[in-house]
Amino acid sequence: QVQLVESGGGLVQPGGSLRLSCAASGSIFSINAMGWYRQAPGKEREFVAEFNWSGGNTYYADSVKARFTISGDNFKNTVYLQMNSLKPEDTAVYSCHADVKPQHGSSWSRYWGQGTQVSVSS
C-alpha cells in the first residue's frame with residue numbers, strides 16, 4: 001500500500017502565504033507524478049498543480065498561476081506547494097495525489113491523501 005501524508009494547511013489572511021507538503025511512503029517502485037487538487041464547500045473538486053517526476057515539468061490551473069509554485073524532492077518522495085498572495089477564493093480542502101507503480105511491472109495507480117484545510121480570511 002501507498003500512504004500520502006499532507007501537512008502545512010491552516011488559516012491565513014488575504015495576501016499571506018502557506019506551504020503545503022505531501023510525503024509518499026510504502027510500497028513504491030516508481031512515481032510518475034504528484035500534485036494537488038482542491039475542493040471548496042459546495043463546489044466540484046478542481047485541479048491545482050502537478051509535478052512530473054520524470055522531466056520535472058510543472059502544470060498549474062489558470063487560477064493559481066504566478067501565485068503558486070509546485071516542486072518535488074524525489075529522494076524524499078515529497079511534493080511541495082508554495083502558495084503566495086492567497087485569496088479568500090483559495091479556501092478549500094487541498095488533497096495530494098501520487099501516480100505510483102507499487103511494484104516493478106505493475107500498472108500505474110493513483111493514491112490520495114486525506115486532505116488538509118486551507119482557509120484564507122481576515
Side-chain angles (χ1 to χ4, degrees):
Q1 282 294 332
V2 176
Q3 296 81 38
L4 301 181
V5 178
E6 300 137 329
S7 61
L11 173 64
V12 65
Q13 292 186 342
S17 298
L18 283 174
R19 188 192 194 210
L20 304 183
S21 300
C22 175
S25 63
S27 179
I28 299 173
F29 175 76
S30 179
I31 298 177
N32 182 53
M34 292 180 70
W36 297 88
Y37 281 70
R38 67 186 182 186
Q39 187 167 21
K43 293 189 176 181
E44 297 285 324
R45 184 171 63 182
E46 64 174 358
F47 169 78
V48 176
E50 185 173 276
F51 180 86
N52 186 288
W53 239 247
S54 59
N57 296 324
T58 57
Y59 306 91
Y60 297 94
D62 288 342
S63 59
V64 306
K65 275 181 184 176
R67 298 188 299 123
F68 290 10
T69 302
I70 191 168
S71 60
D73 183 336
N74 59 358
F75 292 105
K76 296 181 179 179
N77 288 340
T78 298
V79 67
Y80 305 95
L81 185 68
Q82 178 66 42
M83 306 185 294
N84 298 329
S85 302
L86 283 162
K87 305 175 181 179
E89 50 264 44
D90 294 317
T91 295
V93 174
Y94 284 69
S95 297
C96 170
H97 75 81
D99 298 333
V100 174
K101 271 191 182 181
Q103 300 170 358
H104 175 64
S106 64
S107 57
W108 295 103
S109 296
R110 174 160 289 190
Y111 297 86
W112 291 92
Q114 77 284 0
T116 185
Q117 177 69 46
V118 171
S119 298
V120 185
S121 175
S122 55

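Just the heavy atoms: all of them, side chains too, but no hydrogens, waters or symmetry mates, feed the values below.
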Shared ILVMFWY cluster between F68 and V12, side chains joined below 4.5 angstrom?
-> yes

Shared hydrophobic cluster for M34 and Y80 (ILVMFWY, side-chain gaps under 4.5 Å) |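 Looking at the clustering, Y80 is in a separate group from M34.
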
[Y] and [X], any side-chain heavy atoms less than 4.5 Å apart:
X: W108; Y: S30; result: yes
X: N74; Y: I31; result: no
X: T58; Y: N52; result: no
X: V100; Y: F29; result: no
X: W53; Y: D99; result: no
X: L20; Y: V118; result: yes
X: V120; Y: M83; result: no
X: E50; Y: W36; result: no

Between K87 and D90, does at least one N-O distance fall below 4.0 Å, as a salt bridge requires?
->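 D90 and K87: not salt-bridged.
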
Hey, are Q117 and S119 close enough side-chain-wise for a donor-acceptor pair under 3.5 Å?
-> yes

Does the side chain of N84 pick up a donor-acceptor pair with the side chain of S17 at under 3.5 Å?
->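 Looking only at side-chain atoms, S17 and N84 do form a donor-acceptor pair, the distance falling under 3.5 Å.
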
Kindly say whether [Y] contributes a backbone atom to a donor-acceptor pair with the side chain of [X] at under 3.5 angstrom?
X: T78; Y: K76; result: yes
X: R38; Y: V93; result: no
X: E6; Y: Q114; result: yes

Under the side-chain contact (heavy atoms from CB on, under 4.5 Å) criterion, do V79 and C96 qualify, and how do the steps go?
-> CA-CA 9 Å; V79 67; C96 170; 4.2 Å; yes

Could you give the distance from OG (S109) to CG (N32), rounded to the nearest 0.5 Å?
->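 One finds 12.0 Å between OG of S109 and CG of N32.
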
To the nearest 0.5 Å, how far apart are CD in Q13 and OG in S121?
->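 Rounded to the nearest 0.5 Å, the CD-OG separation comes out at 8.5 Å.
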
Could you report the tightest heavy-atom contact between [X] and [Y], atom names first, then the distance?
X: S106; Y: Q103; answer: OG-O, 2.6 Å
X: G115; Y: S95; answer: CA-OG, 3.7 Å
X: V2; Y: S27; answer: CG2-O, 3.2 Å
X: S122; Y: P14; answer: N-CD, 3.7 Å

Verdict with supporting geometry, S71 and Q82, side-chain contact (heavy atoms from CB on, under 4.5 Å) | CA-CA 8 Å; S71 60; Q82 178 66 42; over 6 Å; no

Checking side-chain contact (heavy atoms from CB on, under 4.5 Å) for the pair Y60/T69: CA distance, chi angles, key distance, verdict?
-> CA-CA 8 Å; Y60 297 94; T69 302; 3.9 Å; yes

So I70 and Y59, side-chain contact (heavy atoms from CB on, under 4.5 Å) or not? Walk me through it.
-> CA-CA 8 Å; I70 191 168; Y59 306 91; over 6 Å; no

Exceeds 12 heavy-atom contacts within 6.0 angstrom, atom CD of Q1 =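 No, the 6.0 Å shell around CD holds no more than 12 heavy atoms from other groups.
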
On the ring face of W112, is R45 found with NZ or CZ under 6.0 Å from the centre and within 45° of the axis?
-> yes

Between Y37 and H97, does a ring pair (Phe, Tyr, Trp, His ring centres under 6.0 Å) hold up when you go through it step by step?
-> CA-CA 8 Å; Y37 281 70; H97 75 81; 5.6 Å; yes

